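Computed from a predicted structure; not experimentally measured.
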Amino acid sequence: MKKAAPAAKSSKTVKPGSRKSAGGTRVVASQERGAGTIDPVKLEIYWNRLISIASEQAATMVNSSFSAVLGDMEDLSAGVFDANGVMMAQSVQGAPGHLGSLSAGVKSFLAKFSPKDIAPGDVLITNDPWLVSGHKHDITVVTPVFYRKRLVAFTASNCHTVDIGGRIFSAAATEVYEEGLQIPRMKLFEGGRRNETLFSIIEENVRSPQLVLGDLMAQVSANETAVRRVAAFMLEHDLTHLDAISKAITSRTARLMRQAISRLPDGIYSDHVRLDGFDTPLEIRVSIEVRGSKIIVDFDGTSPQVPKGINSVLNFTEAFTRYALKCLLAPDSPNNDGSFAPIEVRAPHGSIVHAKFPAPVGGRHLVGLYIPGVIFGALAAIAPARLVADSSVLSAITLAGQNARDQPYVFTFFSSGGMGGRASKDGLDATAFPSNVANVPVEVMEHATPALFTRRELIADSFGTGQFRGGAGQRIGLVLRGVESARVSCMVERTESAPRGLSGGGAGKVASVSVDGKHIDPKQALILTAGQELMLETPGGGGFGPAARRTGTAIAHDRSAGLTNI
């Protein structure tokens with residue numbers, strides 16, 4: 001297999017907002033700018049208030065949602081940023097791939113719009129994959145906060161939209177232009193007035209405009225809720241700006257991360273993982289250098305990008321790299337830009353983890369969600385107590401067609417396999433990791449589409465064995481009601497490369513997709529006719545530790561729960 005060119009070793013920073021910029025390295029500028037002299041008790045109050053604002057922002061999105069993607073799956077993110085685009089707080093719910101990349105996205109807006117270009121009542125928007133979270137189905141909305149006529153902060157949200165035109169949500173495109181409508185960085189509202197031209201363009205280009213525009217307005221409303229809460233917070237505490245608070249928050253978080261890194265032994269630690277790929281297997285390679293209080297993560301040697309929509313942009317790769325390291329090293333510290341300061345991420349430009357424009361990226365989760373597993377694998381020898389064995393990569397099935405009322409519908413449901421076993425606990429059954437997108441109730445899916453679900457059950461003996469077993473995968477079957485056929489897009493990984501065990505644990509069972517009992521390509525688009533049964537089996541998580549150490553009580557519990565026949 002041809003290997004990617006080595007990553008550049010310089011510290012050149014990719015300019016924010018430049019999706020077509022060359023170069024293989026992005027160095028995250030440190031946010032450690034001094035903690036100031038804020039009273040520690042007051043800082044704790046301020047900090048928790050900002051987190052509660054971001055969390056209310058996310059809850060408002062969910063409660064105002066039109067689609068199941070936002071309202072049930074909660075495929076979203078929300079955060080509060082200072083006037084320089086530094087993330088001070090993020091919601092307690094949200095997808096990690098959004099939350100890490102949302103920070104880069106807000107800074108990309110500031111690279112285009114100067115403070116004099118932004119006024120009260122403005123709302124900014126984009127879905128550029130290279131600027132925010134990696135594919136066009138994620139729409140980012142940013143709203144400025146003005147207090148006493150000064151720009152003091154931003155609120156921002158990201159949400160997976162049910163449709164963006166072009167091909168239905170899939171990995172089949174050969175370039176990004178096929179993957180739907182692209183919205184550049186622009187104003188959705190200007191001075192409080194809707195950009196009717198943009199609203200009309202979106203409405204005319206998507207299959208479910210009511211759902212798409214409804215969710216978009218839920219984002220706008222949620223951001224506005226956070227704007228009001230930030231202004232009220234500043235009034236209550238007689239604040240004129242948030243800069244000192246932002247510096248204190250991010251510097252303390254950065255210090256906690258540096259202290260956690262310092263407890264690791266210096267050295268270079270490596271791992272690699274095999275992916276199913278689209279037509280041929282692919283590989284992610286990583287080396288992690290621990291150098292004092294800093295970590296350098298290098299993906300040199302990873303497979304080159306492919307002409308199918310499974311490539312990950314650098315923002316998405318960085319987000320899941322940092323997420324994995326934070327879970328491992330400083331899980332209890334709040335999430336903000338300070339967490340990123342001690343972590344440098346390098347990746348070859350033009351690889352599957354740093355895709356070069358205009359590569360197709362619609363199914364970038366099929367690569368990006370492998371990253372925490374390979375990070376954990378590299379550090380298994382020096383930090384085993386907090387590791388998780390390989391988990392299933394989130395599977396996605398999209399249905400599109402005409403319902404019984406001759407109205408178009410499009411619906412994507414994400415399905416979780418088993419989470420990997422942990423150093424002291426079994427993996428969770430049918431639970432997504434590293435994504436935390438929720439499984440959707442069958443009733444919701446049957447209401448939104450003509451699908452009738454024939455089964456949804458845990459798969460016995462699908463988990464990897466171990467002292468702590470992996471989580472079980474699930475089996476989901478559906479048929480179409482009525483006589484109309486539907487277009488189906490499958491995006492399913494780990495059908496060839498099973499989730500690995502850790503520290504002597506066994507591998508989980510691989511995934512499969514079939515129609516009427518016949519296995520099909522897990523990343524293909526097909527026409528499903530009435531009466532045919534589509535069956536998805538998601539992978540089981542890898543086990544942790546040797547199976548010989550598993551207790552008899554735990555084995556008996558698995559048998560009584562129907563999780564094993566052995």
Side-chain angles (χ1 to χ4, degrees), residues 271 273-274 324 327-328 331 369-370 372-377 379-395 414-439 442 453-477 492-514 519 535-566:
D271 192 25
V273 64
R274 186 182 176 93
C327 287
L328 183 65
L369 296 188
Y370 273 94
V374 75
I375 297 289
F376 292 161
L379 298 178
I382 60 170
R386 290 180 177 171
L387 294 177
V388 178
D390 278 0
S391 302
S392 69
V393 175
L394 202 64
S395 299
F414 297 100
S415 300
S416 310
M419 182 178 174
R422 295 160 285 178
S424 60
K425 294 181 180 179
D426 291 343
L428 300 174
D429 303 324
T431 299
F433 184 84
S435 170
N436 57 354
V437 173
N439 288 303
V442 165
F453 284 77
T454 57
R455 66 189 78 193
R456 190 171 192 179
E457 59 193 4
L458 295 178
I459 305 172
D461 297 309
S462 58
F463 54 79
T465 58
Q467 181 180 5
F468 299 100
R469 66 167 177 83
Q474 59 178 317
R475 182 181 293 114
I476 302 169
V492 180
E493 256 286 337
R494 294 204 186 277
T495 60
E496 301 290 339
S497 302
R500 305 171 301 173
L502 263 183
S503 301
K509 183 180 177 182
V510 296
S512 70
V513 187
S514 61
H519 288 284
M535 188 75 68
L536 167 65
E537 292 190 354
T538 62
F544 194 105
R549 295 181 184 173
R550 188 161 181 79
T551 67
T553 301
I555 295 170
H557 176 270
D558 292 341
R559 286 174 180 158
S560 65
L563 294 177
T564 182
N565 298 315
I566 299 174

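Here the side chains of R494 and D390 are in contact, with some heavy-atom distance below 4.5 Å. Contact of the R550 side chain with the T465 side chain is not registered, since no non-hydrogen atoms from C-beta on lie closer than 4.5 Å. Residues L394 and S416 meet the side-chain proximity criterion, which asks for heavy atoms closer than 4.5 Å. Between F463 and T564, some side-chain heavy-atom pair lies under the 4.5 Å cut-off. The shortest side-chain heavy-atom distance between T495 and S512 does not fall under the 4.5 Å cut-off. Side-chain atoms of I476 and S415, non-hydrogen and from C-beta on, do get closer than 4.5 Å to each other. The closest side-chain heavy-atom distance from H557 to D426 is not below 4.5 Å.
Across G417 and T538, no two heavy atoms sit closer than the pair CA-OG1, 3.2 Å. Of all heavy-atom pairs between A430 and L458, the closest is CB-CD2, 3.9 Å. Of all heavy-atom pairs between F376 and A324, the closest is CE2-O, 3.5 Å. For the pair G540 and P499, the tightest heavy-atom approach, listed with the atom from each and the gap, is O-CG, 3.1 Å. Here the shortest heavy-atom pairing between A385 and A423 reads O-CB, 3.3 Å. Nearest heavy-atom pair, L387 versus A380, reported as atom, atom and distance to 0.1 Å: CD1-CA, 3.1 Å.
Checked against salt bridge (Lys or Arg N to Asp or Glu O under 4.0 Å), R274 has no partners two or more places apart in sequence or in another chain. When the side chain to side chain contact (heavy atoms under 4.5 Å, CB included) test is applied to A383, the partners found at least two apart in sequence or on another chain are L264, L328.
Note that CG of L563 is 8.5 Å distant from CG of D461, once rounded to the nearest 0.5 Å. For the atom pair CZ of F468 and CZ of R422, the computed distance is 10.0 Å after rounding to the nearest 0.5 Å.
For the side-chain hydrogen bond (donor to acceptor under 3.5 Å, both in side chains) condition, the pairs that include at least one residue of residues 468-477, sequence neighbours left out, are D429-R469, N439-Q474, R456-Q474, E457-R475, R469-D558, R475-E537.
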